[in-house]
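Each remark here refers to the structure printed beneath this line.
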Amino acid sequence: MLEEDEEEEDDSLPELPAADEYDEIVMRFAPNPNGPPTIGSARGIVVNDEYVREYDGRLVLRFDDTDAVNKPPQKEAYVWYEEDAEWLGAEVHETYRASDRLETYYEHGRALIKEEAAYVCDCPGDDFSEKKAAGEACPHRGRNVQENLEAWEAMHDDATDTVLRVKTDIEHKNPALRDWVAFRIVDVETHPHPLTGDEYRVWPMLDFQSAVDDHLLGTTHIIRGKDLRDSEGRQKYVYDAFGWDYPEVLHWGRISVEEYGTLSTSSLAEAIEAGEYEGWDDPRVPTVRALRRRGVQGDALRDALLELGVSESDIEFSMEHVYSANRALVDDSANRYFFVRNPVRVEVEDAPSVVARPPLHPDEDRGEREINVDDEIYLEADDIPDEGGRLRLKSLYNVEVVSRDGDVPVVRHIGDDLSLVREGDVSVVHWLSANDGESVEATLRTPSGDETGVVEAAARDEEGEVVQFERVGFARVETTEPFVAFFAHR
RNA sequence: GCUCCGCUGGUGUAGUCCGGCCAAUCAUAUUGCCCUCUCGAGGCAAUGACGGGGGUUCAAAUCCCCCGCGGAGCACCA
């Protein structure tokens, strides 16, 4: 017994259609592993997973890796999907690869021929398109079962430029549904499949493979992009021929991310190949692994994506939603440090030698850092006011600018009375000690490019952790020698 | 050309199926104030939307029609 009265929690997804007609809800996420999951893939993972959780069903991860020519699968990407799904908090119950299941598709291809619901077509693609547009059958459409079976076998042997078409209605009012291709021959000599090499030369097209798998693997609900809206119409011819019931289908619109534009996995792959990015986890790239590397938490991405629901309208998604959710998640745990970008070495007149003790966290009682200061410090160029201007160096003391011309600007220590800050025009800024060993050179890698500067030596204890560089933003410490951090967001 | 879909503030979303409690929810964003030794966090407040036009109705974001805008498919890609 299944309860579909999962009383809508505040931000839960809309109910699945006809959920009560199924004993168990089975959904699938079916990517082509031609690269790692992107933000768009992540949406597919978390929404399907969320539904499966709400209905206590099963989630199938199925790799639709059937085109080694145009969208070549990447061997590592299979694992990347599993890793990223886990990081997003998704529970995958079963995993399949289409490339493992060719024999199953062949069986169904043959069965379709025997049902007289498919035929082998030798027409050049362009010729067929013309006929299709005119609603005219091609000569091959009249082949009988025996002829089709022989031609089908030939496809596996040595035939070329031959396809198996599903016999629909050549005059169907929607041209997209007219006699579509179910299988084609792939040149596996020049484009071996990463998993099966050149073992199979006949490969199913998405609509056929997906149709067969959705039925065989028990899928009850499918969520797919609007761009695949005609798939249902096409696949129903297969389902009807086999006497199967079609699953429930939801469509959602295209998602484009404001900060990244509409990068497809294929074009990303090209850009990486061309050296524009350093790899799939380059901080400028919209992949799940890049976000993880920058210190974004899986739950933050998950929650932001779940908020989008399953609307059919196209979405212009803003990373601000992710960042906001992430801030809430990491603010309490991230230790604070100073990171000075574009550092300017500044001399401090009348400087006492002191040890500054800024807290590791402003609210949580987690102890403090120690910074030894003598008479030289680093400030951010943009923070230095005009001559006569004053500054509060956070957790240190107050200074006034004596001169800012010349190679080494000079400021003067003017006490450490915190009440100065209340006076108004004095800003509190971060700084670093120029003493040996107190600061180290550092790189902050951001989506808009690298920034160099110096970071507090103590931050070297935070390898792998998310920290907040005060007045700069949250970042994840990637390596400490050299010191490199990946910027997440303010 | 043929099929089909969508349209609520800057962004996302609730409400649309079953018209009234919607002078429209929540979040994000922006701005201001408070608090804070961060431009973070927290508190308070403000800003800002039913694509347009007709119609039906006592009553329309919700129903009908037309228009506009945006998107998708018509691949031997997924």
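The figures that follow rest on heavy atoms only: side chains count, while hydrogens, waters and symmetry mates do not. Letters A, B, ... are given to chains in the order of the sequence lines, protein chains preceding strands, and every chain is numbered from 1.
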Item to check | Separation of the P atoms in B:A72 and B:C34, to the nearest angstrom | outcome: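 Straight-line distance between the two P atoms is 49 Å.
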
Set of residues satisfying side-chain hydrogen bond (donor to acceptor under 3.5 Å, both in side chains) with respect to [X], sequence neighbours excluded:
X      : answer
A:N326 : A:H489
A:Y119 : A:D179
A:Y78  : A:D65
A:E150 : A:Q146

Item to check | Partner set under ring-ring contact (aromatic ring centres under 6.0 Å, His included) for A:H430, not counting sequence neighbours | outcome: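 Partners of A:H430 by the ring-ring contact (aromatic ring centres under 6.0 Å, His included) criterion come out as none, since no residue qualifies.
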
Item to check | With sequence neighbours excluded, residues passing ring-ring contact (aromatic ring centres under 6.0 Å, His included) with A:Y105 | outcome: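 Here no residue qualifies.
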
Determine all donor-acceptor pairs shorter than 3.5 Å in which one atom belongs to a side chain in residues 151-162 of chain A; sequence neighbours excluded.
| residue | atom | partner | partner atom | Å |
| --- | --- | --- | --- | --- |
| A:T162 | OG1 | A:D122 | OD1 | 3.4 |
| A:T162 | OG1 | A:T160 | O | 2.8 |

Item to check | Any residue meeting salt bridge (charged side-chain N to carboxylate O under 4.0 Å, His left out) with A:D314, in chain and number order, not counting sequence neighbours | outcome: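 With sequence neighbours excluded, A:D314 shows a salt bridge (charged side-chain N to carboxylate O under 4.0 Å, His left out) to A:K226, given in chain and number order.
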
Within the structure shown, what part of the strands sits under 4.0 Å from [X] by heavy-atom distance: base, sugar-phosphate, or nothing?
X      : value
A:L308 : sugar-phosphate
A:P362 : base
A:D126 : nothing

For residues 336-343 of chain A, please give each side-chain donor-acceptor pair under 3.5 Å, one per line with the distance, not counting sequence neighbours.
| residue | atom | partner | partner atom | Å |
| --- | --- | --- | --- | --- |
| A:R336 | NE | A:Q468 | OE1 | 2.9 |
| A:R336 | NH1 | A:D331 | O | 2.9 |
| A:R336 | NH1 | A:A334 | O | 2.8 |
| A:R336 | NH1 | A:H361 | NE2 | 3.3 |
| A:R336 | NH2 | A:D331 | OD1 | 2.7 |
| A:Y337 | OH | A:E462 | OE2 | 2.6 |
| A:R341 | NH1 | A:E380 | OE1 | 3.0 |
| A:R341 | NH1 | A:E380 | OE2 | 3.2 |

Checklist entry - What would the secondary structure line of RNA chain B be in dot-bracket form, counting Watson-Crick and G-U wobble pairs under 3.5 Å, with [ ] for pairs that cross earlier ones and | for pairs with another strand? => result (((((((..(((.......[.....)))((((((.......))))))...(((((..]....))))))))))))....

Checklist entry - Looking at A:K394, does any N or O in its side chain come under 4.0 Å of the phosphate oxygens OP1/OP2 on B:U36? => result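 Result: no.
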
Checklist entry - Got a sec? Which of residues 315-332 of chain A come in under 4.0 Å of RNA chain B, heavy atoms? => result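 Output list: A:I315, A:E316, A:E320, A:H321, A:S324, A:R327, A:D331.
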
Checklist entry - Going 5' to 3' along nucleotides 70-78 of chain B, which nucleotides have protein heavy atoms under 4.0 Å from the base (write B), which only from the sugar-phosphate (write S), and which from neither (write -)? => result -SSBBSBBB

